[in-house]
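Inspection log for the structure reproduced underneath, given as structure tokens.
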Amino acid sequence: MSISLKFPDGAERSYEDGATPLAVAEGISKSLAKKVVAAKIDGAWWDLTRPLEGGGTFELVMRDSADGLEVLRHDAAHVLAQAVQELFPGTQVTFGPVTEDGFYYDFAREEPFSTDDFEKIEKRMKEIVDADLPIIRKVWEKEAAIAHFKSIGEIYKAETIDEVIKPGDPITIYSHGDKWGDLCRGPHLPSTGSLGKAFKLMKLAGAYWRGDQKNAQLQRIYGTAWADEKQLADYLTRLEEAEKRDHRKLGRQMDLFHMQEEGRGMVFWHPKGWTLWRTLESYIRRRLDAAGYVEVKTPQVLDRVFWEKSGHWDKYRENMFVCETVEEETLSLKPMNCPGHVQIFKVGQKSYRDLPLRMAECGACHRYEPSGSLHGLMRVRAFTQDDAHIFCREDQIEDEVAGFLQLVRLVHGDFGLVATHIDLGTRPEKRAGSDEFWDKAEAMMANAARKAGIEPRIAEGDGAFYAPKLDFIVKDAIGREWTCGTIQLDYVLPDRLGADYVGEDGAKHKPVMLHRAIFGSFERFIGIIIENYAGAFPMWLAPVQVVVATITQDADSYAKEVAAKMRAAGLRVELDLRNEKVGYKVREHSLAKVPAIAVVGRKEAEQGSVALRRLGGEAQTLMSLPEALAALTGEATPPDLRRAS
RNA sequence: GCCGCCAUAGCUCAGCUGGUAGAGCACCUGAUUUGUAAUCAGGGGGUCGGGGGUUCGAGUCCCUCUGGCGGCACCA
């Protein structure tokens, strides 16, 4: 008997039945075989040392490929688990998957681990690699496997197998020699030695068993693993570089904002940060005006009775900042703008001719977020949404959603942002409404997304309890994901708060509401763009657009004139007349990431010119003042006000 | 909120096993009038996050609170 393998290059060769992928690789070249970590047959993973059971399209997985790294990292997780169990007897293993840059393993142990243990654990991991234990795959019956794990005290493993594996289905256990074994789908390397030593334990964290707060808290050890030492070093360098873009760090360095103990999750905006905010606010206002929105402003604090009517008192109470007055009223700061907007909608009689009604507000909301979730500007307790609610008929939903999605892409594009994906949050377990309603609502959202040229990623169960939503997900410098831009369908609130309109038939109807935001919140969006630009904002966003810096005091009066003319042209200008060398001034303003420095000395004063230097370049361009004004004001024009050329 | 780590001058950080705080930058003063990423000299500044304890003696050890960081959970 022989089997036939079809290689990626199209070649087809026969092998003896039972040949292993490793033998196949060795048959091609010895050096190739050294770099192979697994194989795929007809797209399915196959261990290198597992005899092939049939022919098909055959692919060798190299250790530095994306697939190969996955195999390595999976092995690293197993080696970590073995090391931990050897060093800390009594520790139970639970679950240890691969992540984007590495792996983690969740352990159950009474005593806490400390990061001080990492050195010891890494050392043991390296010993296991040196021991080069063969990794053996064995197929087990489900019941036997459960009994086995129970007998060695691995309760979590037994539970996992019991719930995940269908009765009668076989499972595979991979073991390192006769020392250690774990339930695993595979594939794995032939032996622990092939893992190499380009791995590192990174951090320690608590994690709930099965991600549920009600369950026991496990201890998670995160690690990273790479094909070789160089890749590992590169990765660590990348992390360091990313940290430099952190908006919390840049916010302080660039004097944009600060936060302090007495106001956790609350931002003190400094003049430069607030300038950035105002620039964004006028920008988004123009975009919304152009998109047919009307703007409103609603109260910051409202009576408890109001929140009872809206349902927030019942459903959202623990996130609300509640206060009492001396006259014993109970009030709450608004956590959302929607109920307020419904009040405006309700004043007077609305007709179907008024729909869709797009009501916007830069609304400041306060939410008592869990302390552990606070994160710089990304997650705060007081934030301003670029919020709006679109009141419309059901048959207008799809167009409104599609139009909104296009608007988001236009806006994000102006900041060079590309969403990593758009999530369609579908029906959650606890929900209102029939399955028919959800089928229809989810289909409407998906269709609208496709109309806007977007194929959404399904975020199973992430919808609101009353309807599905679409979220624009953007990554920050450290790779964390944040929602910037969202649109959410709502049939409930208008009904609850008694909003209606008169239809063509003369009867009253309930409008549908679309909750939507483009930035998400000003705070988060500013955090994102700080990181995205690494603080080096384009001219139109930069808090200080130009610094006029003198070389000698002889040029002071001319420098003042230059700055005044620039200000008159609408530029944000600072004047640096300090008694310092130009080099010093250039360095300082470059570090402050000011996009342009206009240097003036005796020569410029005489000829009415400036020497313009751009951030990131060393070239200076000598030009007349009017030329400089034209160039700078052109660049400082917000993208929505630029003429299409 | 939960788990782990951390907290020294405005910022970045040093201070070994307990012996009454130090650097660079920033700030202030003076000199220097400077041609594109740091001119020189001098000076001021910290009850070492708060509270408690151990000790003859605590920045250093222990407890506790507060806050920060990294995850988990929750979410714009």
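Note that the coordinates shown come from a computational prediction; the quantities given were computed from them, not determined experimentally. Labels below follow one simple rule: chain letters A, B, ... track the order of the sequence lines, proteins then strands, and each chain is numbered from 1.
The residue T483(A) sits close only to the backbone: its heavy atoms come under 4.0 Å of sugar-phosphate atoms, none of a base. At the heavy-atom level, R248(A) lies under 4.0 Å from the strands shown only through sugar-phosphate atoms. Nucleic acid contact class of R602(A) (heavy atoms, under 4.0 Å, all strands): base. Within the nucleic acid shown, A611(A) comes within 4.0 Å of at least one base atom, counting heavy atoms only. Across all strands shown, E604(A) has heavy atoms under 4.0 Å from base atoms, whether or not it also approaches the sugar-phosphate. Using a 4.0 Å heavy-atom distance criterion, K603(A) is classed as a base contact. Backbone-only contact: K469(A) has heavy atoms under 4.0 Å from sugar-phosphate atoms and none from a base.
Nucleotide C11(B) holds its P atom 12 Å from the CD atom of Q260(A), rounded to whole Å. Remark: C1' of C6(B) and CZ of F118(A) are 15 Å apart, rounded to the nearest angstrom. One can place CD of Q253(A) at 12 Å from P of C11(B), the figure rounded to the nearest angstrom. Protein atom CD of E100(A) is 13 Å distant from nucleotide atom P of G71(B), rounded to whole Å. Note: CZ (R381(A)) to P (C74(B)) measures 18 Å, nearest angstrom.
Judged by closest nucleotide on RNA chain B, Y368(A) is the one of Y368(A) and R480(A) placed further toward the 5' end. When each of V599(A) and R367(A) is assigned the nucleotide of RNA chain B with its nearest heavy atom, V599(A) is the one assigned upstream, toward the 5' end.
Relative orientation of the Y235(A) and W226(A) rings is tilted, given thresholds of 30° and 60° on the angle between their planes. Ring planes of H375(A) and H247(A): tilted class, angle from 30 to 60°.
With respect to E635(A) and R614(A), a salt bridge is recorded, a charged nitrogen being found less than 4.0 Å from a carboxylate O.
Closest to the side chain of T552(A), from the set C5(B), A76(B), U33(B), is U33(B).
Ring-to-base geometry does not place F113(A) in a stacked arrangement with G4(B) (centre distance under 5.5 Å, plane angle under 30° required).
Less than 4.0 Å separates RNA chain B from at least one heavy atom of each of the following residues of residues 205-212 of chain A: A205(A), G206(A), A207(A), Y208(A), G211(A).
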Show me, pair by pair, the donor-acceptor contacts under 3.5 angstrom made by side chains of residues 95-102 of chain A, not counting sequence neighbours?
{"from": "T99(A)", "atom 1": "OG1", "to": "G102(A)", "atom 2": "N", "distance (Å)": "3.1"}
{"from": "T99(A)", "atom 1": "OG1", "to": "G102(A)", "atom 2": "O", "distance (Å)": "3.3"}
{"from": "T99(A)", "atom 1": "OG1", "to": "F103(A)", "atom 2": "N", "distance (Å)": "3.4"}

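In this structure, H589(A) has no ring-ring contact (aromatic ring centres under 6.0 Å, His included) partners at least two apart in sequence or on a different chain.
Other residues, nucleotides and ligands place more than 12 heavy atoms under 6.0 Å from the CD atom of E163(A).
Comparing the P positions of C61(B) and U8(B) gives a spacing of 15 Å, expressed to the nearest Å.
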